[in-house]
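These notes concern the structure reproduced below.
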2 protein chains.
Amino acid sequence: MHVPCIDCRLRTRACYRPFSTDELAAVASLKADHVTLPAKHDIVREGEVGGALYTLYEGWAFRYARLSGGGRQILDLVLPGDIIGLSSALLGTIRHSVQSLTPVSLCVLGGYPLTELLRRHIDLTLDLLRWRVEEEHRADVRLALLGRRKPLQRIGYLMLETFDRLRRLELAEGTMCPFPLQRQHIADATGLSMIHLNRTLTKLRDDKLARIENKMLIIYDRRRLVELAGYGGKELITQRMLL
Amino acid sequence: MHVPCIDCRLRTRACYRPFSTDELAAVASLKADHVTLPAKHDIVREGEVGGALYTLYEGWAFRYARLSGGGRQILDLVLPGDIIGLSSALLGTIRHSVQSLTPVSLCVLGGYPLTELLRRHIDLTLDLLRWRVEEEHRADVRLALLGRRKPLQRIGYLMLETFDRLRRLELAEGTMCPFPLQRQHIADATGLSMIHLNRTLTKLRDDKLARIENKMLIIYDRRRLVELAGYGGKELITQRMLL
DNA sequence: CGGCTACTTGAATACTTTCAATCCGCGTGG
DNA sequence: CCACGCGGATTGAAAGTATTCAAGTAGCCG
């Protein structure tokens with residue numbers, strides 16, 4: 001299944017800025033292939049040299065780092081529209097891995113050297129730079145979350161932020177959304193042991209705040225959860241470009 | 001004390017790439033002023049709109065976020081040559097604060113609209129983008145540090161990384177370097193309570209690994225500390241541009 | 001010499017993890 | 001159809017780790 005950029009279902013979402021005809025052609029020239037992968041499969045691997053650049057088209061993935069000693073830290077969730085492997089394309093190597101959480105389909109952007117394209121399209125480059133600067137803020141928030149927040153807040157925050165990211169993509173509505181992370185994933189994202197995470201999740205459920213069941217997240221009482229988690233909801237980027 | 005870019009003492013350090021004459025002129029046109037501030041003074045403040053862009057010329061500072069509930073998370077140390085307020089210049093607002101740790105002197109880069117300059121100098125823009133992508137990796141490492149590492153490792157890592165950053169700037173040599181952070185700063189950087197941090201610091205000292213005294217850091221046994229902290233030492237950017 | 005700030009220590013409490021089972025749902029092969 | 005095996009989810013109890021509260025100490029500057 002090859003999806004030409006002109007037909008890209010993501011491109012027309014409100015959260016992406018419209019391309020000029022010129023830019024659309026440029027990005028289309030970048031697209032080399034469209035591939036699918038099963039769940040639990042590494043899309044790129046830490047240390048890889050000369051890896052490709054991708055856009056996640058459908059499905060979920062996560063960025064992660066393995067630690068000496070066997071642990072894993074999940075660095076971020078990767079949702080449709082997110083770019084994978086920018087570091088490969090710009091620096092030649094990548095320092096984190098990305099693994100699929102569900103079956104995924106990906107745009108492979110290798111048809112044209114990226115830096116050449118960026119040289120020609122300064123507005124794309126500036127957009128990319130602005131996007132990286134906005135992402136720095138999300139990284140800062142996650143750091144503060146792990147450094148100074150309690151388990152309940154960490155989990156609540158993850159739930160709310162993920163829900164809102166999906167809603168922006170029109171992949172969630174009402175009070176429910178897909179949530180294909182297993183317990184170990186959530187533990188590795190929030191810096192908790194799986195067992196303690198579980199107890200905290202139970203408490204969230206008993207308090208009728210939110211629950212995760214059957215790979216779905218249900219938020220019962222958003223107002224209280226927002227307050228509890230100290231969730232601002234202002235972390236999300238208003239509009240960005242899609243590569 | 002106004003330092004013209006041509007005389008900039010940082011510019012010629014090996015860790016910065018040389019400017020073309022053109023680029024140097026461009027950056028010089030950006031420099032509007034040179035200011036000094038005392039220690040413990042906010043250079044930029046979270047939420048500020050339309051703040052300036054700075055380069056830290058001398059002294060130490062740190063990026064931080066205040067949390068609802070009174071806590072503070074130190075997000076990163078800011079050392080000479082580091083840029084402050086890119087988010088102000090590119091997005092119009094800033095979501096974190098930066099505070100001086102020692103008396104500092106700063107280049108104020110407001111003489112010319114930054115995006116105009118970036119449009120004209122695509123290589124600078126690409127450098128900036130590459131730098132942001134490299135910094136993402138440092139942020140990832142810090143996240144894993146707080147999410148999955150023990151206190152001893154967090155502190156050891158902070159010591160080693162800071163020491164190496166200083167050495168690259170030719171501000172450290174041998175086994176000692178300046179280290180003007182107080183206990184509370186270290187606690188807020190590593191996500192520990194000050195008291196527990198203190199005990200851990202005592203242990204590091206008793207084990208003859210490292211100590212902090214009189215605002216100086218002394219690393220007694222780098223090899224063992226590297227091993228203990230799981231410090232790769234490959235996080236540091238080889239060469240970047242200086243704005 | 002106060003008065004201030006930073007640092008250090010002790011003890012009690014609260015929080016998290018580890019270890020060890022148990023449970024549950026699901027797909028497979030008998 | 002049902003027992004079996006498997007991976008994931010859940011729970012209990014004990015051990016370990018970190019925080020809070022409360023003093024107490026050291027050094028510095030006016």
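Per chain, numbering begins at 1; letters A, B, ... match sequence-line order.
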Legend entry - Spacing of Q182(B) atom CD relative to dT5(C) atom C1', expressed in whole Å: 8 Å
Legend entry - Between P of dC7(C) and CD1 of I212(B), the distance in whole Å: 10 Å
Inset, instruction - Answer yes or no: is there a side-chain heavy-atom contact under 4.5 Å between R95(A) and D140(B)? - result: no
Legend entry - Along DNA chain D (nearest heavy atom to each residue), the more 5'-positioned of K150(B) and N214(B): K150(B)
Inset, instruction - Figure out the NZ/P separation between K215(A) and dG8(D), and round it to whole Å. - result: 9 Å
Inset, instruction - In whole angstrom, give the distance that lies between atom CD1 of I195(B) and atom P of dA11(C). - result: 14 Å
Inset, instruction - To the nearest 0.5 angstrom, please state how far the NZ atom of K150(B) sits from the CZ atom of R154(B). - result: 8.5 Å
Legend entry - Side-chain donor-acceptor pair present, D42(A), Y64(A), cut-off under 3.5 Å: yes
Inset, instruction - Establish, with yes or no, whether the OP1 or OP2 oxygen of dT10(D) is under 4.0 angstrom from a side-chain nitrogen or oxygen of R199(A). - result: no
Inset, instruction - Calculate the interatomic distance between L192(A) atom CG and dA18(D) atom C1'; express it in whole Å. - result: 14 Å
Legend entry - Phosphate-side-chain proximity, K40(B) and dA6(C), N/O vs OP1/OP2 below 4.0 Å: yes
Inset, instruction - Indicate whether OP1 or OP2 belonging to dT8(C) is found under 4.0 Å from a side-chain N or O atom of N198(B). - result: yes
Inset, instruction - Would you mind reading off the distance between R205(B) atom CZ and dT9(C) atom C1', rounded to a whole angstrom? - result: 12 Å
Inset, instruction - Take the protein atom CE of M194(A) and the nucleotide atom C1' of dG7(D), then report the distance between them rounded to whole Å. - result: 11 Å
Inset, instruction - Please check the phosphate of dT20(D) (OP1 and OP2 only) for any side-chain N or O of S193(B) closer than 4.0 Å. - result: no
Inset, instruction - Examine distances only and state if a side-chain atom of Y220(B) and a backbone atom of R205(B) form a donor-acceptor pair shorter than 3.5 Å. - result: no
Legend entry - d(CG, L201(A); C1', dG8(D)) in whole Å: 13 Å
